[in-house]
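The block underneath contains the structure these notes are about, expressed in structure tokens.
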Amino acid sequence: MARAFAKIAFTPNVQAAQVRMGSRDAYRTAELGDAEVVELGPYEVEFIGARDSFYQGTVGQNGWPYVQHRGGPTGFLKVLGPQTIGYADFTGNRQYISVGNLDGDDRVSLFLMDYPGQRRLKIWGRARLVDEDKEPALVASVESPDYRARVERAVIITVEAFDWNCPKYITPRFTEREVRDRANDWKPEAGHVESAATTVAEIGSGALKLVVTGMCQMTPRVRAYQLRALDWSDLPPVTAGAHLAVPVRLADGSQVTRQYSLASHPQRRDMYEIAVLREEAGRGGSAAIHATWHIGTRLALEPPVNHFPLHDDDRHAVLVAGGIGITPIRAMAQALKARGSSFEFHYSGRTAADMAYRDQLAIEFPGRLHLYFTRTPGGTRLDLHATLASAPPRALFYVCGPGRLIEAARAAASQLGIPASRVQYESFE
């Protein structure tokens with residue numbers, strides 16, 4: 001979540017509600033620091049240009065909000081610059097409620113929906129109304145020449161904040177044209193009814209064909225994706241610690257590969273699960289997945305590989321996860337529990353609400369799971385030196401998370417005289 005959006009949205013009353021409902025710690029960090037320079041990126045530009053409608057909220061003189069549906073040809077809402085969007089205001093029922101509201105208060109909120117893709121984009125900004133007789137060139141820049149509706153004015157919006165919402169509770173809906181196009185692509189000889197989304201071009205070129213069949217927002221920034229075979233047959237077997245090299249299509253059309261550990265139980269053959277942390281300042285892969293993957297997204301990739309395997313003897317295991325590093329560690333804990341092995345489980349995060357799978361793990365591993373918090377006042381922090389020192393003599397250590405966690409574990413092992421061969425790690429940076 002962008003700081004600019006958090007600073008606008010999280011008023012004192014909203015913050016109080018978050019405190020009451022237990023989510024304040026998860027969102028507090030989004031407000032820290034100065035608000036960034038807000039600019040629409042390639043994903044936002046592409047998304048806005050593909051919309052044929054949106055919802056617009058304004059505020060009247062009496063304080064009441066007013067939400068209006070705006071529609072037109074695809075692309076009628078235009079990106080005029082990195083901080084500017086605009087649209088032609090077509091003649092309607094001539095109530096002019098939005099026009100009057102904006103004359104008194106230029107604040108505006110837009111809600112853009114992609115129902116088939118289960119995506120939504122919120123935009124907040126300040127709008128000004130532009131008449132053709134005063135700025136004809138600007139009005140002309142937002143017109144759609146092939147659309148016959150009469151243009152009364154242009155609405156030009158300076159974007160102050162935007163945010164992507166999670167796909168939860170968005171019911172896929174399709175326009176008449178989308179249904180017709182997808183129906184034309186359906187091939188009866190396939191022997192089974194395919195979902196509408198399977199007509200979408202797949203990403204990647206590997207031999208293993210997967211489709212996104214489920215999504216779950218685990219935390220404000222972590223989303224889990226369930227991947228299954230196109231025909232829902234069994235997938236190649238895996239071991240705990242395995243990962244997938246996932247193909248990702250960036251906004252500029254280029255394709256990159258990102259590594260994601262499997263978080264699903266290693267004994268499951270029906271599906272793989274990965275959890276993706278959206279990195280606002282990352283290289284773009286996680287943002288692309290969050291922005292573009294939806295139910296039905298198809299992937300062509302290579303089978304899973306494992307460079308972070310578990311031992312197969314009876315030695316005690318100490319599992320340490322930091323942040324999104326929980327994904328392979330969760331699978332390891334499940335594998336150790338399934339075979340009756342001795343282990344302990346340490347999981348550190350900024351706050352409880354930032355920790356993916358936390359509630360599930362507490363139920364699945366009672367007495368073995370130890371939680372630590374780095375940004376919760378009064379919270380217990382993970383003491384790696386003490387954790388390693390208290391382990392049985394032959395114990396093996398598995399550490400996954402940010403680089404500083406890895407280095408701290410290696411330093412503690414060195415100080416305690418623990419051989420480096422007994423400390424296995426995987427960095428998520």
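- In this structure a side-chain-to-backbone donor-acceptor pair under 3.5 Å is missing from R375 to T351.
- Remark: F47 pairs with W164 by the ring pair (Phe, Tyr, Trp, His ring centres under 6.0 Å) rule, at least two apart or across chains.
- Residue pairs meeting the side-chain hydrogen bond (donor to acceptor under 3.5 Å, both in side chains) criterion with at least one partner in residues 307-327, sequence neighbours excluded, are H311-Y398, D313-R315, H316-S342, H316-E344.
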| query | Stepwise, does the side chain to side chain contact (heavy atoms under 4.5 Å, CB included) test hold for Y372 with R381? | reply | CA-CA 5 Å; Y372 310 89; R381 284 177 170 265; 5.6 Å; no
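- Checking side-chain atoms of R258 against main-chain N and O of S286 turns up no donor-acceptor pair under 3.5 Å.
- Using a 4.5 Å cut-off on side-chain heavy atoms (C-beta onward), V108 and W124 make no contact.
- Taking a 6.0 Å sphere around CZ of R422, one finds it holds more than 12 heavy atoms contributed by other residues, nucleotides or ligands.
- Here the side chains of Q226 and V212 are not in contact, with every heavy-atom distance at 4.5 Å or above.
- Using a 4.5 Å heavy-atom cutoff, the side chains of E364 and Q334 are in contact.
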(Q) Apply side chain to side chain contact (heavy atoms under 4.5 Å, CB included) to residues I326 and F345 and explain how you reach the verdict. (A) CA-CA 10 Å; I326 188 60; F345 194 166; 3.6 Å; yes
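- Cation-pi geometry between R330 and Y357 is satisfied (NZ or CZ under 6.0 Å from the ring centre, within 45° of the ring normal).
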Full working for side chain to side chain contact (heavy atoms under 4.5 Å, CB included) between L121 and I48:
CA-CA 9 Å; L121 176 64; I48 292 170; 4.2 Å; yes
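- In this structure a side-chain-to-backbone donor-acceptor pair under 3.5 Å is present from S390 to A386.
- Between the side chain of S264 and the backbone N or O of Y272 there is no donor-acceptor pair closer than 3.5 Å.
- S348 OG to L405 CG: the interatomic distance, rounded to the nearest 0.5 Å, is 7.0 Å.
- The two residues F343 and R368 have their closest heavy-atom pair at CE2-NH1, 2.6 Å.
- Judged purely by distance below 3.5 Å, without hydrogens or angles, the side chains of R339 and S341 pair a donor atom with an acceptor atom.
- In this structure, CG in L77 is found 6.5 Å from CG in L110, a value given to the nearest 0.5 Å.
- Side-chain N/O atoms of Q56 and S109 include no donor and acceptor closer than 3.5 Å.
- Counting heavy atoms from C-beta outward, V142 and I156 have side chains that approach closer than 4.5 Å.
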Which donor-acceptor pairs under 3.5 Å do the side chains of residues 58-67 make with protein atoms, sequence neighbours left out?
| from | atom 1 | to | atom 2 | distance (Å) |
| --- | --- | --- | --- | --- |
| T58 | OG1 | N101 | ND2 | 2.9 |
| N62 | OD1 | W64 | N | 3.1 |

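- The shortest non-hydrogen separation linking S427 to P402 is OG-C, 4.4 Å.
- Atoms SG and CZ, on C216 and R223 in that order, are 10.0 Å from each other to the nearest 0.5 Å.
- Judged as a side-chain hydrogen bond (donor to acceptor under 3.5 Å, both in side chains), not a single pair has a partner in residues 75-86 (not counting sequence neighbours).
- Salt bridge annotation for R107-E160: absent, with no cationic side-chain nitrogen under 4.0 angstrom from a carboxylate oxygen.
- From D354, atom CG reaches atom OG1 of T376 across 8.0 Å, with rounding to the nearest 0.5 Å.
- Side-chain N or O atoms of S414 include none that pairs as donor or acceptor with a backbone N or O of A411 at under 3.5 Å.
- Side-chain contact between Q68 and Y55 is absent, with no heavy atoms from C-beta onward closer than 4.5 Å.
- Between F397 and Y425, the ring center distance fails the sub-6.0 Å criterion.
- Note that CD1 of I203 is 11.0 Å distant from CZ of R298, once rounded to the nearest 0.5 Å.
- Counting only heavy atoms from C-beta outward, the side chains of L371 and R358 approach each other to under 4.5 Å.
- A donor-acceptor pair shorter than 3.5 Å can be found between the side chains of S233 and D231.
- In this view, D270 and R228, R268 satisfy the side-chain contact (heavy atoms from CB on, under 4.5 Å) rule, not counting sequence neighbours.
- Side chains of N306 and T239: a donor-acceptor N/O pair is present below 3.5 angstrom, by distance only.
- Between V320 and I329 the shortest side-chain heavy-atom distance does not fall below 4.5 Å.
- Within the 4.5 Å cutoff, no side-chain heavy atoms of P172 are placed close to those of I295.
- T297 OG1 to Q118 CD: the interatomic distance, rounded to the nearest 0.5 Å, is 9.5 Å.
- The minimum heavy-atom distance between V211 and A229, with the atom names listed, is CG1-O, 4.0 Å.
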### Message
Between R119 and T292, does the side chain to side chain contact (heavy atoms under 4.5 Å, CB included) criterion hold? Intermediate values first, please.
### Response
CA-CA 8 Å; R119 297 184 294 168; T292 63; 4.2 Å; yes
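- Not counting sequence neighbours, the partners of H370 by the ring pair (Phe, Tyr, Trp, His ring centres under 6.0 Å) test are H346.
- Relative to the ring axis of F5, K122 does not place its NZ or CZ within 45° and under 6.0 Å from the centre.
- Using a 4.0 Å cut-off between a side-chain N of Lys or Arg and a carboxylate O of Asp or Glu, E407 and R404 do not qualify as a salt bridge.
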